[in-house]
Number of protein chains: 2
Amino acid sequence: MTTIYDVSKLAGVSAKTVSRVLNEPDRVKTATREQVLAAMKTLDYSPNASARQLRLGGFSSIGLLLEDPASGYQSRFHQALLTACMEAGKYMTVELFEGVMPDWQARVDRFLTEGRVRDLILLPTLCDFTPLKDLLRERGARAVLIAPSVHDPHFPSVVMDDRAAARQIIEYLFSLGHTRIGHITGHPDHSATILRRSGVIEAYDARGLPRPKPELFASGDFMFKKGIEAAETLLSLPEPPTAIFAANDETAAAVAMVAHRRGLSIPGDLSVVGFDDAPIASAVWPQLTTIAQPYLEMARKVVHLVDTWDQQSTQSGFVSTYLTPHELVVRESSGPVLKG
Amino acid sequence: MTTIYDVSKLAGVSAKTVSRVLNEPDRVKTATREQVLAAMKTLDYSPNASARQLRLGGFSSIGLLLEDPASGYQSRFHQALLTACMEAGKYMTVELFEGVMPDWQARVDRFLTEGRVRDLILLPTLCDFTPLKDLLRERGARAVLIAPSVHDPHFPSVVMDDRAAARQIIEYLFSLGHTRIGHITGHPDHSATILRRSGVIEAYDARGLPRPKPELFASGDFMFKKGIEAAETLLSLPEPPTAIFAANDETAAAVAMVAHRRGLSIPGDLSVVGFDDAPIASAVWPQLTTIAQPYLEMARKVVHLVDTWDQQSTQSGFVSTYLTPHELVVRESSGPVLKG
DNA sequence: ATAACAAATGTCATCGATGTCATAATGCGG
DNA sequence: CCGCATTATGACATCGATGACATTTGTTAT
């Protein structure tokens, strides 16, 4: 590493002058400045950001731990958080994280030190990964969670009521006359999976209907591929459902594909509804009825929580939880049951 | 900001001891350690990463400038780069960047200093944005480009031969008997758009066929929505094409949707091919024939170029360009022309 | 030519944490 | 209770850059 002193020596000036060339070029005589610039080029000098920041007062970026950046859900939050950070003039540093990695603790430590990160954001499913949260508390790190309606007593969080949303979409299907409704569940490790599933059951209970038979629940994992298998299973039932509620839009897109392959028309023969309002929900034919979450709003709230951490946690001694609203978006993939 | 000295004062020990509690807890008597930990908790102390790194030797994260994180293309590279960085033990900090922002220069400066970034990665279309590249050279920043086969004399780059790939996919359609082939172009600002378009023409020329009539070129912008309009235009022609080559998969998905709406079967009535092998290419029905790029390989190469910047640029005085291979992936959306 | 002032450059201390080395506290065998 | 080996702790310098202030150089008016 070449330092400002190396440059100053080569250019025959003091370090301070080199510093000025970088920060207040006008205060340096043109001839000198050019010498310094030449020296910098020769040595391929680039200033040490740590030193600069130490002097100028620290800035730290917000850290995001991502389990699977290819997952649509995480990638959408990732994007929303980027936007929110930009709006707030902050930077975000991303680390891939998998709880199965044997050295995850060391990796988190490294992230907190080398990654120059003080505040972390955890998305599902990391927001449910207790060993990680314990480690963070031990290290005194700050974290904000984005979670499916599970309140964590130690970290502020932004949550969405997955159960209520699932219930709402099932009630919508009821209103169209559907009574045999299949549900493809999400990944078993996500707490959202349980919540959405129980939202379904809640809807039946609330309406006084008998709970759906077990074969109407097919297990998925939020991924397109597994969605295909699940859809095949449901549509091969002796008495197939007239509507399928997939735990997310990728899965719903898979259902649509399987239905097409089987010559079923949507929503004529089968209504398909998803969850998340992912881009794919508008990019498949027919476009999917789904539940929209206000990603950007949630991201903004998270950044705000990070920003105001001091006042919050230190002063009040309790953590805040924000419940964000959701919305049913009706598109082309759902319709009334055809008589007959 | 509380420092290590504040903690040491409160705990009644020296700063060095506090430091030890953090870095080599075993070398501190249990009683002392607990006092120190208590003081840290009371003061909500978190160590200053800049100072630590200054002492320990600098680490700097790689910066990625993203124009539009929602763009499938950029988001795929984003993900691939994250993976490659993780493999290489590096961190990546992301900044949203738009050339239209009036203060983009100041933003870049801030990113290079506050963002603690020394090396930058530029994707299309930023890799073509000359004012930015000029600024980076002036600042002595290091950048590596991911670009569509345009060699930049100042920065190392990883490129893909878009023209050849486009030519290849058209030749494949020729081999299926198609001669009226529509092309939906990409965003006019992307150099890839011109390259893919000229690859199309090259294929006709090479085969000694007359070049396609202008109405067979519809203008798109790589986005699903514009793709719908373009597809409507092409399919409304008096003599509609038997195949459509969309400049990317999102657009191809739009073509498929429009075709379905019009009751056309794919690939019976219309062959549809895309470009990129995006996730959506496998998530629509029928799955799309497309061109696959080795994203992860490219990302690894980029990280490697960043890593070896010193040896490369300083010593040899010229920049390296890596051409990466592409591959035609044949799926369900393309088939022979039906006689008749 | 010189005082008076502005411009250009340099010296030194500092940001917060840790390495080096010195010193103080403790333990243990005799 | 002493001497010596450990263990625990502290004082000080250091990382690379910049702020405050000092000093040198250059310019202008008289």
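Labels below follow one simple rule: chain letters A, B, ... track the order of the sequence lines, proteins then strands, and each chain is numbered from 1.
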Colleague: Which is the 5'-most and which the 3'-most nucleotide of DNA chain D that has an atom under 4.0 Å from a heavy atom of chain B?
Modeller: D:dA8 to D:dG16

Colleague: Assign each of B:Thr32 and A:Glu24 to its nearest nucleotide of DNA chain D by heavy atoms, then name whichever residue's nucleotide is nearer the 5' end.
Modeller: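 Here B:Thr32 is the residue nearer the 5' end.
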
Colleague: Separation of B:Arg27 atom CZ from C:dG19 atom P, in whole Å?
Modeller: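 About 12 Å, once rounded to whole Å.
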
Colleague: For B:Phe111 and B:Trp104, I'd like to know if the aromatic rings sit close, meaning centre-to-centre distance below 6.0 Å.
Modeller: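 No - the distance between ring centres of B:Phe111 and B:Trp104 does not fall below the 6.0 Å cut-off.
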
Colleague: Starting at the 5' end of DNA chain D, which residue's closest nucleotide do you reach first, A:Lys29 or A:Ile4?
Modeller: A:Ile4

Colleague: Could B:Asp307 and B:Arg300 be called an ion pair, given the rule that one side-chain N must be under 4.0 Å from one carboxylate O?
Modeller: no

Colleague: Can you name the nearest heavy-atom pair linking A:Gln79 to B:Ser75, along with the distance?
Modeller: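 Taking every non-hydrogen atom into account, NE2-CB, 4.0 Å.
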
Colleague: I'd like to know if the side chain of B:Thr324 and the backbone of B:Val159 have a donor-acceptor N/O pair within less than 3.5 Å.
Modeller: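 Indeed, once roles are kept as given, a pair shorter than 3.5 Å links the two residues.
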
Colleague: Taking for each residue the nucleotide of DNA chain C bearing the nearest heavy atom, is the 5' side occupied by B:Arg55 or by A:Arg55?
Modeller: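 That would be A:Arg55.
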
Colleague: In whole angstroms, how far is the C1' atom of C:dA8 from the NZ atom of A:Lys16?
Modeller: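 My rounded result for the distance is 13 Å.
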
Colleague: Rounded off to whole Å, could you give me the CD-to-P distance for the B:Gln53 and C:dT18 pair?
Modeller: 11 Å

Colleague: Indicate whether the side chain of A:Ser14 and that of A:Ser8 have a donor and an acceptor atom separated by less than 3.5 Å.
Modeller: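 Side chains of A:Ser14 and A:Ser8: no pair found under 3.5 Å.
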
Colleague: From CZ of A:Arg33 over to C1' of C:dA8, roughly how many Å is that when rounded to an integer?
Modeller: 12 Å

Colleague: Tell me whether the OP1 or OP2 atom of C:dT14 has a side-chain N or O from B:Tyr5 closer than 4.0 Å.
Modeller: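 The answer is no; no side-chain N or O of B:Tyr5 sits under 4.0 Å from OP1 or OP2.
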
Colleague: Would you tell me whether A:Ser191 and A:Asp128 have side-chain atoms, one donor and one acceptor, within less than 3.5 Å of each other?
Modeller: yes

